[in-house]
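For reference, the structure discussed in these notes is given below.
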Amino acid sequence: MPASTTLSGYERHADDWYVEPREATQALLLNEWFYGTMLDPACGEGRIVEECQRAGLSCSGMDIKWRGEIDKPPTWYLRSSDFLGGGETGYFSFDSIITNPPFKLLTPFIERALEMARWKVAIFCKLQSLEGITRLNKVYRKYPLARVHVFADRQSCPPGGEGIKNTGTKLAYCWQVYEHGHKGPPTLHWLNTKELGE
């Protein structure tokens with residue numbers, strides 16, 4: 001296997017940018033209540049933002065750089081900035097954050113998002129992210145993980161950008177939902193994007 005290829009069969013994107021299906025966000029929004037202002041701080045080409053707006057929610061996006069196909073970003077794109085950067089970032093608080101972060105930066109993204117969000121943080125990530133002693137101690141025993149929504153149907157998340165191979169490989173994904181004020185263990189739920197049109 002070439003060094004640039006992951007175990008999923010995809011070529012590795014330099015920024016760990018992998019594009020989630022629109023249906024994955026649609027399924028979350030049908031099973032979680034959101035209100036007020038929302039942000040996707042790793043918005044890529046804006047799929048999560050657009051699905052939130054279609055659901056009537058006030059959602060904006062930003063990323064370390066604009067990744068859309070058009071040269072000029074849409075009005076919902078706030079700025080290009082490093083979400084995890086130190087010092088003054090120009091961010092302001094939001095009611096909720098919903099995002100598909102780089103997998104290698106999952107833990108710092110969760111921590112930073114919980115600092116910024118007044119209410120909820122929803123993280124789209126591989127199901128295997130629930131494993132690991134380090135993450136157990138640094139995240140799951142420390143922060144208010146309220147619900148885990150597991151996709152019963154596996155999801156295909158190809159690397160973003162032009163010219164990167166899309167193998168159609170599907171893996172197990174979930175949404176982790178953190179909620180300020182939540183007490184006790186998280187509850188487990190299932191999502192099935194194949195039921196969205198029914």
Side-chain angles (χ1 to χ4, degrees), residues 6-10 12-13 16-34 38-44 46-52 55 57 59 61 83 96-114 116-117 119-160 166-180 182-198:
T6 67
L7 291 176
S8 67
Y10 290 131
R12 188 70 179 255
H13 190 281
D16 251 8
W17 173 33
Y18 296 90
V19 183
E20 73 289 334
R22 291 182 179 274
E23 293 81 4
T25 303
Q26 294 168 10
L28 174 72
L29 297 179
L30 287 172
N31 288 273
E32 282 284 338
W33 180 50
F34 294 92
M38 300 174 63
L39 173 72
D40 180 356
C43 68
R47 288 188 172 195
I48 288 175
V49 176
E50 291 171 354
E51 292 306 319
C52 287
L57 298 165
C59 189
F83 182 61
S96 297
I97 288 177
I98 173 172
T99 191
N100 171 12
F103 186 73
K104 63 186 177 184
L105 299 175
L106 179 61
T107 297
F109 254 79
I110 292 171
E111 294 171 336
R112 179 72 168 126
L114 284 167
M116 288 183 57
W119 183 33
K120 280 186 184 181
V121 171
I123 302 289
F124 180 80
C125 54
K126 295 177 184 177
L127 187 59
Q128 72 185 62
S129 65
L130 293 169
E131 301 174 340
I133 298 298
T134 299
R135 192 169 287 128
L136 172 65
N137 292 324
K138 290 189 66 175
V139 178
Y140 303 130
R141 284 180 172 165
K142 184 177 180 182
Y143 297 113
L145 179 59
R147 288 168 293 284
V148 177
H149 296 275
V150 178
F151 285 94
D153 53 327
R154 290 190 166 199
Q155 304 297 299
S156 178
C157 299
N166 180 356
T167 66
T169 302
K170 294 186 176 182
L171 298 174
Y173 281 86
C174 68
W175 283 101
Q176 296 181 14
V177 179
Y178 298 79
E179 189 170 335
H180 287 298
H182 174 77
K183 303 294 183 183
T187 56
L188 181 62
H189 308 265
W190 282 267
L191 302 176
N192 184 358
T193 62
K194 298 185 184 305
E195 297 177 344
L196 288 177
E198 297 180 356

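- No side-chain heavy atom of L191 sits less than 4.5 Å from a side-chain heavy atom of H189.
- Taking 4.5 Å as the limit, some side-chain heavy atom of L57 sits within range of a side-chain heavy atom of L29.
- In this structure, CD in E131 is found 11.5 Å from CG in L136, a value given to the nearest 0.5 Å.
- The backbone N or O of Y140 sits nowhere less than 3.5 Å from a side-chain atom of R135 that would complete a donor-acceptor pair.
- To the nearest 0.5 Å, atom CH2 of residue W175 and atom CZ of residue F124 are 6.5 Å apart.
- Proximity of V19 to P159: side-chain heavy atoms (C-beta onward) are nowhere separated by under 4.5 Å.
- For the pair R154 and Y173, the minimum side-chain heavy-atom distance is 4.5 Å or more.
- F83 contributes atom CZ, which lies 7.5 Å from atom OG1 of T99 (distance to the nearest 0.5 angstrom).
- Formation of a donor-acceptor pair under 3.5 Å by the D40 side chain with backbone atoms of G61 is not found in this model.
- Remark: the backbone N or O of E51 is not paired with any side-chain donor or acceptor of R22 at under 3.5 angstrom.
- Taking the charged nitrogens against the carboxylate oxygens, E179 and R147 do have a contact shorter than 4.0 Å, which makes a salt bridge.
- Between R47 and E20 the shortest side-chain heavy-atom distance falls below 4.5 Å.
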Margin query: For S96 and M38: C-alpha separation, side-chain torsions, deciding distance, then whether side chain to side chain contact (heavy atoms under 4.5 Å, CB included) applies.
Written below: CA-CA 5 Å; S96 297; M38 300 174 63; 4.2 Å; yes

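- Between Q176 and Y178, the side chains place a donor N or O and an acceptor N or O closer than 3.5 Å (distance only, hydrogens not considered).
- The heavy-atom pair separating S156 from P21 by the smallest distance is O-CG, 3.6 Å.
- Salt bridge status for E32 with K120: present, with a side-chain N to carboxylate O gap under 4.0 Å.
- At least one side-chain heavy atom of L28 sits less than 4.5 Å from a side-chain heavy atom of F34.
- In this structure, N100 CG and F109 CZ are separated by 9.5 Å, a value rounded to the nearest 0.5 Å.
- Closest approach of C125 and L106 over heavy atoms only: CB-CD1, 4.2 Å.
- H182 approaches G184 most closely through the heavy-atom pair NE2-O, 3.1 Å.
- Looking at I97 and M116, their side chains come closer than 4.5 Å, going by heavy atoms from C-beta outward.
- When the options V177, I48, V121, V49 are evaluated for a side chain to side chain contact (heavy atoms under 4.5 Å, CB included) with I98, the one that passes is I48.
- Of all heavy-atom pairs between T107 and V139, the closest is CG2-CG2, 3.5 Å.
- Under a 3.5 Å cut-off, the side chain of H180 and the backbone N or O of L114 do form a donor-acceptor pair.
- Considering CD1 of I110 and CG of L145, their distance stands at 8.0 Å, rounded to 0.5 Å.
- Summarising the geometry, atom CZ belonging to F151 is positioned 13.0 Å from atom CG belonging to L171; distances are rounded to the nearest 0.5 Å.
- Scanning all heavy atoms of the two residues, the minimum distance from A27 to N31 falls at O-ND2, 2.8 Å.
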